[in-house]
Amino acid sequence: MRVELNGEAIRTQATTLSELIEERDLPAASVATAVNGDFVPRTFRDGTALSEGMRIEILSPMQGG
Amino acid sequence: MFYDVTPVSRLFLGTAQYPSPAVLADAISASGSEIITVSLRREGAGGAHFRDLLQASGCHILPNTAGCHSAREAITTARMAREVFGTNWVKLEVIGHADTLQPDPFALVEAARELCADGFEVFPYTTEDLIVGEKLVEAGCRVLMPWGSPIGSGQGLRHEDALCSMRAHFPDIPLVIDAGIGAPSQAARAMEMGFDAVLLNTAVAKAGDPVAMARAFAGAVESGRLAHEAGLMGRRDMAVASTPLFGMAALT
């Protein structure tokens with residue numbers, strides 16, 4: 001299906017948020033996730049099913065002021 | 001003093017815009033800062049290295065919501081940051097205008113209320129407006145961070161009289177000057193005025209020698225605080241001789 005990941009349209013085989021993180025080879029323990037503008041806690045990623053056109057943000061620690 | 005943390009250093013340091021991670025690490029160390037600000041962004045190069053650097057610094061991490069323009073964005077960002085950084089602290093920024101980076105006080109208070117109720121310890125980036133400050137305290141904030149001048153401008157304390165009023169109005173709330181500090185003299189002035197700390201980033205990161213500048217700011221903040229505690233003399237309109245006239249020779 002097609003989803004929007006960090007502002008970019010992608011195709012994915014993943015069916016849940018956890019699977020998407022795995023598919024993109026991201027460090028699950030050190031990223032934070034949001035779907036359609038709402039925070040999704042780590043423990044809810046397995047239970048968060050992806051759907052067509054979903055807007056997903058996967059964020060990491062970065063420099064900031 | 002800042003929620004449950006009483007740092008020795010009253011300098012908070014931002015971690016952005018340094019020429020390299022090594023310079024950032026050395027600048028943190030030279031500044032003596034125990035509280036550093038960070039952000040959350042879409043993963044770019046160097047993410048893993050940055051995490052290691054944060055851990056090695058041993059500092060308290062103050063995640064920001066920089067770039068958020070609505071309460072909802074800021075609240076979501078704060079929740080994401082809490083999970084990643086494992087802290088209830090958040091430097092709450094809700095920007096009202098892209099050019100001035102001035103806080104949107106209405107959205108700021110709304111976001112602060114929701115985050116405080118959700119167990120966050122909020123450091124709100126605000127203006128020197130007293131009523132906004134009161135609303136933030138009512139919302140549950142136990143620290144306020146008024147701007148000195150617009151973020152990254154280096155203009156120092158643009159409304160010094162208003163900041164003095166704010167200090168007097170909130171004697172029991174820790175106040176941190178956040179943003180706009182460009183030179184150590186400006187940081188020292190803020191500390192002389194009785195502010196509890198200063199938070200800065202660009203002035204160190206963009207200095208010719210960031211590590212030396214971090215040291216300069218550390219000295220300025222310490223001197224300013226010491227001067228405040230020592231009690232500054234009052235300003236006078238006229239000259240007052242410091243050398244006694246008594247005992248002066250008659251030589252005319």
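Numbered from 1 within each chain, the chains take letters A, B, ... in sequence-line order. Keep in mind that the numbers below use all heavy atoms, side chains included, and drop hydrogens, waters and symmetry copies.
Listed options B:Thr15, B:Thr77, B:Leu13 were ranked by heavy-atom pairs under 4.5 angstrom with chain A; first place goes to B:Thr15. Among B:Asn201, B:Leu53, B:Leu40, B:Ile36, the residue with the largest count of heavy-atom pairs under 4.5 Å with chain A is B:Leu40.
Counting only distance, with no hydrogens or angles, the side chain of A:Arg2 and the backbone of A:Gly53 share no donor-acceptor pair below 3.5 Å.
In summary, the side chains of A:Arg45 and A:Thr33 do present a donor paired with an acceptor at a separation below 3.5 Å, with no hydrogens or angles considered. Under the 3.5 Å distance criterion, with hydrogens and angles disregarded, no donor-acceptor pair is assigned to the side chains of A:Gln63 and B:Ser39.
The shortest side-chain heavy-atom distance between B:Val204 and B:Phe217 falls under the 4.5 Å cut-off. Looking at heavy atoms from C-beta onward, B:Met191 lies out of side-chain contact with B:Asp196 at the 4.5 angstrom threshold.
Using a 4.5 Å cut-off between heavy atoms, A:Pro41 touches chain B through backbone and side chain atoms alike. Heavy atoms of B:Tyr18 lying under 4.5 Å from chain A are absent altogether. Looking at B:Glu73, neither its backbone nor its side chain comes within 4.5 Å of chain A, counting heavy atoms on both sides.
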